[in-house]
Colleague: 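Please see the structure below; I have some questions.
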Amino acid sequence: LLFKQDYQNIQVPGRALYASARQLLDLIYIKGVGTCGLFLAALKQVLPEGQGSGLSFSGCCSKIKEKEESRCTSTQTLLTRRPSLVNKLQGCIDGTLEALVVSGHFTSGDCDEVQLPIHTPSQQARCLLNHVRSKGEAAARVVLTYVQQKQESPVNQETVTPPKELLKYQKKLSSSLSAQSCFLSTYGGTSNMPLDDIYTEGQLELAHDCPDINGPLVLEDIVSTVGTVNKDADTVLVSGQAGSGKSTLLQRLHLLWARRAVLQDFLLLFSFSCRRLNSEQRELSVQELLFQHSCWPDREQEEIFQFILDHPHLILFTFDGLDELKQSFSDEHRLCCPTQRAPVHVLLFNLIQGSLMKGVRKVVTSRPEAVGPLLKKHLCKEVLLKGFSPTGIDCFVRKHHTDPTVAAKILGSLQANTALLGLCHSPVLCWIVSQCHMELLGCGEGSPQTITDVYLMILQHFSQHQRPLQRNGAQIWLQEHIETVLHLGQLAFQGIGTTCYLFSRADLEACGVSENDISMGFLIQSKDMSSTHSNHYEFLHVTMQCFFAAFYVILTSNIDRSTIPKLFETQDMKGTDQSSTCFGVCLTSTNLQVKTVDWGATAAETPNLQLTATFVSGLLSQRHRSLLLHCCPSLLIERKVRQVVKCLSKGMQKHFKSIPQPVEGEKKSMHAMPGFVWLIKCIYEMQESRIAKDAMSKLEVDHLKLTYCNIGPVECTALSYVLQHLRNPIGLQLDNNFVGDVGVEQLLPCLHICNSIYLRNNNITDEGISKLIAKGIQCENFQKVALFNNKLTDACTQHFAHLLKTKQDFLSIRLGNNHITAEGAKQLAEGLKFNHSLQYLGLWGNKIGDEGARALASALENSQTLVWLSLVGNGVGSTGACALANIIKNSTSLEGLWLTENCITRAGVEHLIQALQHNTHMKSVWLRNNDLSLEEVEEMTQRESRLIF
C-alpha cells in the first residue's frame with residue numbers, strides 16, 4: 001500500500017531516525033485502518049519476540065474508522081485519481097496552496113512542509129495530497145475544484161514571470177548555443193559552412209502507427225505532443241542509423257531555439273553530448289551537470305536552479321548519442337533528489353525515466369540497436385530519422401556545390417549508379433560523395449559500389465590533398481600514408497574497444513599520432529562549450545573511427561588471431577556465457593599503452609563493432625587486395641581473408657539452424673534477426689559471388705521475413721546481391737522498413753527468385769512501381785505483391801493493368817490504404833477483364849466510390865478464379881453494392897467480400913442478399929459500419945447468416 005515515492009520520502013539520507021519514524025506513522029494514519037493493520041502485522045514480524053504483543057492502535061482505530069466512514073467521494077477521489085492528480089498539480093502547486101490557505105484548511109507551516117526546496121514538483125504534489133487527505137472532505141473538495149478550474153481554463157498553466165537573472169542567463173545560453181550551432185559541426189565542420197546554407201531535412205517518421213498524422217513530421221513535431229504514446233513520460237527518442245543526421249538535426253534544433261524561431265514555450269534549453277559525458281569521472285548533482293556541462297550562470301545560480309525545479313515544463317534537455325555512452329541503460333539505481341550527487345550515467349538514466357526532473361522535456365538520440373525494451377517503456381514517443389529522401393539528396397548536393405554545373409554532374413553520376421545513389425540516402429555518405437566529387441567524376445566504370453569504396457575515396461581525397469602523390473601509379477597512394485593510417489587505426493581500434501570517442505594528448509602519444517597525422521584532417525580538436533575537453537580530439541565521425549579501426553585490424557600483426565572472430569560474433573546469436581568476452585586480450589603485448597576492455601559490456605557498443613567488421617569485409621574484398629598488398633605481406637592478408645570468409649559462413653549457419661520447423665500444412669518461414677541483415681551486408685562488401693552462393697545454398701525456406709529491420713536502399717542492394725543466388729523461389733517480406741523507390745530498384749536483380757514480395761509501409765511511389773512491374777513481368781516465379789500504406793496514386797494502376805494482361809498466372813494484388821480513386825479503379829478494371837488467374841484483390845482504404853466499384857464489378861462479374869475482394873473504407877454506396885452483387889451471383893470461386901466502413905444502405909444490402917441466394921459456396925460478406933440501423937442489422941442477420949455486421 002506504499003508507493004515507491006512514499007518509501008523514498010521516508011528514507012531521506014542524513015535525516016534523524018525519529019523524524020523518519022514520525023513521518024512513517026503519519027503516513028500510515030492517513031492511509032486508513034487497513035494500512036494500520038498491515039503495518040502492525042509487519043512490525044510484529046520484525047520486533048523481537050515479546051515486544052510486539054502489546055502493540056495496538058485500539059485507541060485511535062475507532063477515530064480512524066469514524067473519519068473514514070464520514071469521508072465522501074472527494075477524499076476517495078484523491079486516492080483513486082492520485083497518479084493523474086500528481087501530474088496536474090505539478091504546474092500549479094502555488095495556486096493550490098493559496099486556495100487551501102484562503103479556505104482556512106492549510107497554515108503557512110503546512111505550505112512550508114509541502115514546498116521544501118529538496119522536493120521535486122512531483123514530490124511536492126504527492127506531499128500536498130497526503131496533507132489534504134488528513135484535513136478531511138472539505139479540503140479535498142477545494143483541491144479538486146481548483147484542479148478542475150485550471151483544466152477548463154483557456155490557459156492551463158500559470159503565467160510565469162521569469163526573474164531578471166534568469167532572463168540574463170537565457171540570453172547567455174542562447175548566445176552560447178547559437179555560436180556552437182551556426183556552423184555545421186558534423187564531420188568536423190571542415191569547410192566552416194553555415195548550417196543555414198547546408199542543412200537539409202531528413203525523413204522523420206513515428207515508430208508507431210498514428211492515424212492523426214498526415215504527411216511527414218517536421219522538426220517541431222519532435223518535442224510536441226504529436227504522436228504521444230505514453231502521456232506520463234517526458235522523453236522523446238530520435239533513433240537512426242550511424243550517419244543518418246541525428247547530431248545535425250539536434251544542432252538545427254538548438255540554433256532555431258537560440259534564435260527564438262521554434263520551441264518558444266521552452267525558456268531554457270540544455271544540450272549534452274553523451275560522448276563528452278563519458279569522460280566525466282566525478283559524481284555530480286543535476287545542478288552541477290546543467291551548469292558545468294552546458295552553460296555557467298554568472299550569478300544567482302541557486303535562484304536560477306530553483307526556477308528550473310519550480311517550472312520543469314519550461315525546460316528542454318537534449319542528449320546526443322546515447323549509444324556512445326559506456327554504460328547500458330538501467331533503472332536499478334533510482335534517484336529523486338536533484339541535489340544528490342551520483343555518477344553521470346546514473347543521473348542521465350534517472351532523467352530519462354523521469355525519476356529526476358519530472359516534467360522537463362528530454363530529447364535523446366541513439367542508434368536503434370542500442371535501445372532496448374527497458375528504456376522504451378520510459379518514452380513518450382519514438383521518432384525515426386531515416387536519412388535523405390531522393391529529393392533531399394538532390395537538395396544537399398546543390399547546397400554543397402554553389403556551381404550548378406558541378407552539382408548537375410554529381411547528380412548525373414548518382415543517377416547512373418543506383419547502388420551509389422542508395423548509399424547517398426545516408427547523409428554522411430552523401431557528404432563524402434559530394435566532398436570527393438573530383439574523384440567520383442574521374443573514376444569512370446570504377447564508380448563506388450559499397451560503403452567501403454566510399455570511405456576509401458574520402459581517405460584518398462584527404463591523403464592527396466595533404467601530400468600529393470610522389471610516385472606514379474594509382475595503387476600506391478595508401479603506401480605513401482601507411483604510417484598515418486596505422487597510427488590513426490590503432491587509436492580508433494582502442495577507442496572502439498573501450499567505448500572511447502574523445503582522446504587526450506596522452507592517448508595520441510601512446511599510439512604514435514603526430515601533428516602530421518592530425519593534419520590529414522580525420523582527427524579534429526573536440527568542440528565544446530566548456531573548457532573541459534579543450535585538449536581532446538575526436539574523429540570526424542564515428543563511422544570514420546570504425547573505418548580506421550578496420551584498417552588496423554587488417555594491416556597490423558600486433559593483434560591476436562581471435563580479434564576477427566570476436567568482431568564477427570552476432571550479438572543476437574551470442575550465448576550468455578560469452579557476455580564477458582574481453583577485447584583487451586586481442587592486443588598482443590607491446591610497449592604501447594593498452595586499455596583493458598570488456599568486449600560484450602554494452603549492447604550500445606555492438607553497432608560500432610559490427611560496422612568495423614563490415615569495413616574489414618570490404619577492405620579484404622578482391623577489388624582492394626592489390627591496394628593492401630603494397631602495405632603488408634600477402635600471407636597476412638590471405639590468412640585474414642580466410643578468417644573473414646569462415647566467420648561469415650559460420651554466422652549464417654547459426655541463423656539457419658535457428659529456423660523453427662514449420663507447422664504441418666504451413667510453409668517453412670524464417671524471421672530474420674538484425675544480425676542476419678548485417679552478415680548479408682558484410683558478404684556484399686566482399687563483392688565475391690562465390691561467398692554469396694555458398695551462403696544461400698544452405699538456406700532452405702519458403703518465406704523470408706525481414707519486417708521492422710531498418711532496411712533502406714543500402715540494405716536492399718546487399719540483399720539483392722546475396723538472395724539472387726537462392727536455389728528455390730521464396731516469399732520476401734520487407735514490410736515496415738524504408739525501402740523507397742531507390743530500394744525497389746536495388747531489389748530488381750533478385751526479383752526472379754521471389755514468388756511474392758511484401759512491401760507494406762515503405763514510402764514507395766508510382767515511379768518505384770513502374771520499375772517493379774516492368775521487371776516482374778519478365779520473372780516467371782513472380783505471382784504476388786502487397787503494397788499497403790505507400791504513396792501510390794491512380795498512375796500506378798496502368799502498370800498493374802499491364803501486368804494483369806501479360807501474366808496469366810498472377811495471383812494476388814494488395815494495394816490497401818493508398819490514394820487510388822475511381823479513375824484508378826477503371827484503369828485496373830481494364831487489366832482485370834483480360835486476366836484469368838487473379839485470386840486476391842485488396843483495395844481497402846482508397847477512394848474508388850460507387851463509380852470505381854461499378855468498373856471493378858463489371859470486369860470481375862464473370863471471374864472464376866477470384867477468391868477474396870476487399871473494398872473496405874472506399875466510400876462505396878448502395879449503387880456500388882448493387883453492381884458488386886453481380887459478382888456474387890455469377891462467381892463460382894468467390895468466398896469473401898469485404899465492404900466494411902462504407903455507406904451502403906438497406907437497398908444495397910437487399911441486392912447482396914438476393915445474390916447470395918444464387919451462391920451457396922460464398923462464405924461471408926462483411927458489412928460492419930455502414931448506413932444501417934440496429935433494427936435493419938438484426939433483421940438482415942436473421943434473413944442471411946453470411947452477412948457479417
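Counting from 1, the numbers follow the sequence of the chain as shown. Every heavy atom of this structure was used, including side-chain atoms; hydrogens, water molecules and symmetry mates were not.
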Colleague: So if I apply the side chain to side chain donor-acceptor pair (under 3.5 Å) rule between His624 and each of Asp453, Thr450, Thr452, which one comes out positive?
Modeller: Asp453
Colleague: Would you say the ring centroid of Phe493 lies under 6.0 angstrom from that of Phe551?
Modeller: no
Colleague: Nearest 0.5 Å please: distance from the CG atom of Leu478 over to the CG atom of Leu456.
Modeller: 8.0 Å
Colleague: Taking the basic N atoms (NZ, or NE/NH1/NH2) and the acidic carboxylate oxygens, is any pair closer than 4.0 Å for Asp702 and Lys667?
Modeller: no
Colleague: If you round to the nearest 0.5 Å, how far is CE of Met696 from CD1 of Ile753?
Modeller: 11.0 Å
Colleague: Are Phe539 and Phe522 an aromatic pair by the rule of ring centers under 6.0 Å?
Modeller: no
Colleague: Rounded at 0.5 Å granularity, tell me how far SG in Cys709 sits from CD in Glu715.
Modeller: 9.5 Å
Colleague: Hey, are Glu688 and Arg625 close enough for a salt bridge, meaning a charged N less than 4.0 Å from a carboxylate O?
Modeller: yes
Colleague: Tell me yes or no: between the side chains of Asp741 and Thr765, is some donor less than 3.5 Å from an acceptor?
Modeller: yes
Colleague: Counting C-beta onward and ignoring hydrogens, is there a side-chain heavy-atom pair between Ile813 and Leu815 closer than 4.5 Å?
Modeller: yes
Colleague: How long is the span from the NZ atom in Lys409 to the CG atom in Leu414, to the nearest 0.5 Å?
Modeller: 14.5 Å
Colleague: Any salt bridge between Lys668 and Glu700, counting N to O under 4.0 Å?
Modeller: no
